[in-house]
2 protein chains.
Amino acid sequence: MAQTVLTEAEKDSLAVFTPRQNAVLETALRLLVEGGGGALTTARIARAANCSKESLYKWFGDRDGLLAAIITYQASKVRVPGTGPLPETAAAFREHLEQFASDLLTVLSGDVSLALNRLAIGQASRDDAHLGRLVLERGRRMIGQRAGVLLEAGRQRGFIRFDSRDAAFRTLYGLVIRDFHVRQLLGDTLLPEEADISAQAKSAIDQFFTLYGTGAETP
Amino acid sequence: MAQTVLTEAEKDSLAVFTPRQNAVLETALRLLVEGGGGALTTARIARAANCSKESLYKWFGDRDGLLAAIITYQASKVRVPGTGPLPETAAAFREHLEQFASDLLTVLSGDVSLALNRLAIGQASRDDAHLGRLVLERGRRMIGQRAGVLLEAGRQRGFIRFDSRDAAFRTLYGLVIRDFHVRQLLGDTLLPEEADISAQAKSAIDQFFTLYGTGAETP
DNA sequence: AAAAAGCCGAACCGTACGGTACGGTACGCA
DNA sequence: TGCGTACCGTACCGTACGGTTCGGCTTTTT
């Protein structure tokens, strides 16, 4: 048997479930988005995915295992975008930050993200918040990773200045997201101005540079 | 029958439910905090509150009405603190803002707030997000009201400058809360530095003044 | 005092869910 | 050809929940 070398990301995205199981999880995800957490019963999943409940329990153990598998599957689908060449100019760095903010707003307001977060939050009081920790771990990894690399690159090139990268990231997150996420989780409808994600991103990055800029970023 | 004059706030806080109903709702709130949304069944509430299910349905209609009543009851308990005399000096204004930020962090990380938000978010996909809108309306009113008065006072006295009071408030909210709220909703444990609420509040207000200050607030 | 109303505790009903068991079928393999 | 394995579809079971009904007790009203 040939031993192939896989990165961790590839192991995560390919080797966790069989294709058939992935198809079932995809169907479950669609059910979740369409009907909310209440629609995610084992019988409905089995019917919609053309599989048997027996197989569900054989593959995923119990309902909690199935929910965890759904989260893991969704995380394996999302690739971190735009981690390509790091910006070398101030303008490019600002552009990267705006793109990051825009991507973050887009992802968090997506149907799938909202449905999964609602599911995990709704069950956070049971199970020692098992699903919640899973969402945080899987969702935060790519966000924090990409933001960390970006912020560090900006600092080393003198575009921004900060003491704690973690604190700088949390400020960036707050400026970008504000109460956007929680309000959408609660089902609120957005203001017209909030629907313009790129404008929101640009405004937030402007404020971020006011707080953390060195002056080298405004020509 | 003597006609007494009540303010809207007094009507909200006193005249909505009878004392007996308030006691039942208080018990339901305790059950919710202790056991999460799943523990909030009609049978359990009736048993814990020493009342009958028949009374629950007579008073609140159905389960959704009961949940809505719990949210309304909790909102009626929370009084807006510190809306007393408006600050006349820059130092007092900064102090007021820090107190507001500290109160906001304290309230949002409280057991009751987290439990109610989890409940509303978990059901946001059903009922046209009825509970979610109720939480937003009842919870946002006092926060936005207090912050709006404070920001407007600061602007009129020249301590801060902004075009849109709404945008300024959302920025303030983002700087103070960051991902604090969502992470706690998901069951995350806070970092040691995040547990120091007053330090978090002070740091956030410093950043807020950097963005919106006029220079008149730093002597 | 009698009637009415409000309420409690418990029993009850229909439904829906999580989880299991069973018969039947397609496929890989010796 | 026969056997094992994996799977599907369905039926089934126990439980729990939302909601209703009923008998009996207490308080209020007339």
Side-chain angles (χ1 to χ4, degrees), chain A residues 1 15-32 34-71 73 115 118-120 122-123 125-128 130-131, chain B residues 1 15-32 34-71 115 118-120 122-128 130-131:
Chain A
M1 175 187 282
V16 253
F17 302 119
T18 70
R20 175 69 176 130
Q21 289 166 1
N22 279 333
V24 171
L25 293 174
E26 178 67 34
T27 302
L29 208 49
R30 181 175 55 79
L31 275 183
L32 173 64
E34 289 174 356
L40 216 52
T41 74
T42 56
R44 260 195 272 257
I45 294 174
R47 178 182 303 270
N50 287 327
C51 76
S52 67
K53 286 172 66 176
E54 192 179 19
S55 297
L56 289 183
Y57 284 96
K58 170 173 296 192
W59 294 335
F60 308 111
D62 57 2
R63 187 171 184 272
D64 285 349
L66 175 59
L67 299 183
I70 293 175
I71 292 174
Y73 165 74
R118 288 201 186 105
L119 180 66
Q123 308 229 335
S125 45
R126 312 187 330 111
D127 313 327
D128 199 24
H130 181 258
L131 289 185
Chain B
M1 175 187 281
V16 252
F17 302 119
T18 70
R20 174 68 175 134
Q21 290 167 1
N22 278 333
V24 170
L25 293 174
E26 178 67 35
T27 302
L29 209 47
R30 181 174 55 79
L31 275 182
L32 173 65
E34 289 174 357
L40 216 53
T41 74
T42 56
R44 259 195 271 258
I45 293 174
R47 178 182 305 269
N50 286 327
C51 75
S52 67
K53 287 171 66 176
E54 188 181 20
S55 297
L56 289 183
Y57 284 96
K58 171 170 298 192
W59 293 334
F60 307 111
D62 57 2
R63 185 171 185 272
D64 284 349
L66 176 58
L67 300 184
I70 292 175
I71 292 173
R118 288 200 185 105
L119 179 66
Q123 308 228 335
S125 45
R126 310 186 332 110
D127 314 328
D128 198 23
H130 181 260
L131 289 184

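Each chain gets a letter, A, B and so on, in the order its sequence line appears, and its residues count up from 1. Here the structure is a predicted model, which means the values were calculated and not measured.
Annotation: side-chain hydrogen bond (donor to acceptor under 3.5 Å, both in side chains) contacts of A:T27 (sequence neighbours excluded): none. A:R47 meets the salt bridge (charged side-chain N to carboxylate O under 4.0 Å, His left out) test with no other residue; sequence neighbours excluded. Qualifying side chain to side chain contact (heavy atoms under 4.5 Å, CB included) partners for B:D62, counting only residues two or more places apart in sequence or in other chains: B:D64.
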Identify all side-chain donor-acceptor contacts of residues 48-58 of chain A below 3.5 Å with residues at least two apart in sequence or on another chain.
from, atom 1, to, atom 2, distance (Å)
A:S52, OG, A:S55, N, 3.2
A:S52, OG, A:S55, OG, 3.1

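For DNA chain C, the contact window with chain B, defined by any atom under 4.0 Å from a protein heavy atom, covers C:dC7 to C:dG9 in 5' to 3' order.
For D:dA6, neither phosphate oxygen OP1 nor OP2 lies less than 4.0 angstrom from any side-chain nitrogen or oxygen of A:W59. Applying the 4.0 Å criterion to OP1 and OP2 of D:dT27, one finds that B:R20 has every side-chain N and O outside that range.
Nucleic acid contact for A:R44: sugar-phosphate only, since backbone atoms but no base atoms lie under 4.0 Å from a heavy atom of the residue. Nucleic acid contact class of A:R47 (heavy atoms, under 4.0 Å, all strands): none.
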For nucleotides 18-22 of chain D, which of its nitrogen or oxygen atoms have a protein nitrogen or oxygen under 3.5 Å away, and what is each distance?
from, atom 1, to, atom 2, distance (Å)
D:dG18, OP1, B:R63, NE, 2.5
D:dG18, OP2, B:T42, N, 3.0
D:dG18, OP2, B:T42, OG1, 3.3
D:dG19, OP2, B:Y57, OH, 3.3
D:dG19, OP2, B:R63, N, 2.9
D:dG19, N7, B:K53, NZ, 2.8
D:dG19, O6, B:K53, NZ, 2.5
D:dC22, N4, B:E54, OE1, 3.0

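Within the 4.5 Å cutoff, no side-chain heavy atoms of B:V16 are placed close to those of B:N22. A heavy-atom distance below 4.5 Å is not found between the side chains of A:W59 and A:L66.
Atom CG of residue B:L40 and atom CD1 of residue B:I45 lie 4.0 Å apart, to the nearest 0.5 angstrom.
One finds no salt bridge joining A:R30 and A:E26 here, because no Lys/Arg side-chain nitrogen approaches an Asp/Glu carboxylate oxygen to under 4.0 Å.
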